[in-house]
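Encoded as structure tokens, the structure appears first; notes follow it.
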Amino acid sequence: MEDTFTLVNGWDPSLTGQTDSDYDRLTSTDFARFGSVYRAWVLNEDGAFTLSPFNQGDAFDAGALFDAPATITTPLRLIDCLSRDASGRAIGPVIESSTDSGVTWSAYPGRAQ
């Protein structure tokens, strides 16, 4: 399935408007608190960002996509990504995840298809 989704900010809006150094991993005195500000964009499909302090509206209902009359099953042909390694070969998508609210990130070890 291919679609375009409107993401919402996934950070506490009260943390915005700080100095640039508060958002920088190297200069922040509390990067664990400020690290996701302006970086964490979410679909809010589980509703975790619906209530205060986020107030990002109702959870996204992904199931409704399959009920839409415009949904058509069509194969999607994927082509090489623009990102290349030093030898010019396409490196493909890189998926990173964080388990500590964005303090550290790790590349997904598997293959994205």
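The analysis underlying the following values was restricted to heavy atoms, covering all of them including side chains, and did not include hydrogens, waters or symmetry mates.
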S21 and D24 side chains, donor-acceptor separation under 3.5 Å: no
Partner set under side-chain hydrogen bond (donor to acceptor under 3.5 Å, both in side chains) for D85, not counting sequence neighbours: S87, R89
Are L7 and L15 connected in a single hydrophobic cluster, I mean Ile/Leu/Val/Met/Phe/Trp/Tyr linked by side-chain heavy atoms less than 4.5 Å apart? yes
According to side-chain hydrogen bond (donor to acceptor under 3.5 Å, both in side chains), who are the partners of T16, at least two apart in sequence or on a separate chain? none
Over 12 non-hydrogen atoms of neighbours within 6.0 angstrom of CG in D58: no
Sidechain-backbone polar pair: T50 side chain, G57 backbone, donor-acceptor under 3.5 Å: yes
Closest contact, heavy atoms only, Q18 versus Y23: N-OH, 2.9 Å
Do you know which two heavy atoms are closest between S36 and G10, and how far apart they sit? OG-O, 4.3 Å
My understanding is that only residues two or more places apart in sequence, or in another chain, count here; which of them pass ring pair (Phe, Tyr, Trp, His ring centres under 6.0 Å) with F31? none
Let me confirm one number: the CG-CZ distance from D12 to R33, rounded to the nearest 0.5 Å. 8.0 Å
Ignoring hydrogens, what is the shortest heavy-atom contact between A59 and E45? Give both atom names and the distance. CB-O, 3.9 Å
Are the side chain of Y38 and the backbone N or O of W11 linked by a donor-acceptor pair below 3.5 Å? no
Between N44, L43, N9, which is the residue that forms a side chain to side chain contact (heavy atoms under 4.5 Å, CB included) with F49? N44
Whether the D30 and S28 side chains hold a donor-acceptor pair (N or O, under 3.5 Å, no angle test) is what I'd like checked. no
Taken to the nearest 0.5 Å, the spacing of T6 OG1 from F60 CZ works out to 8.5 Å
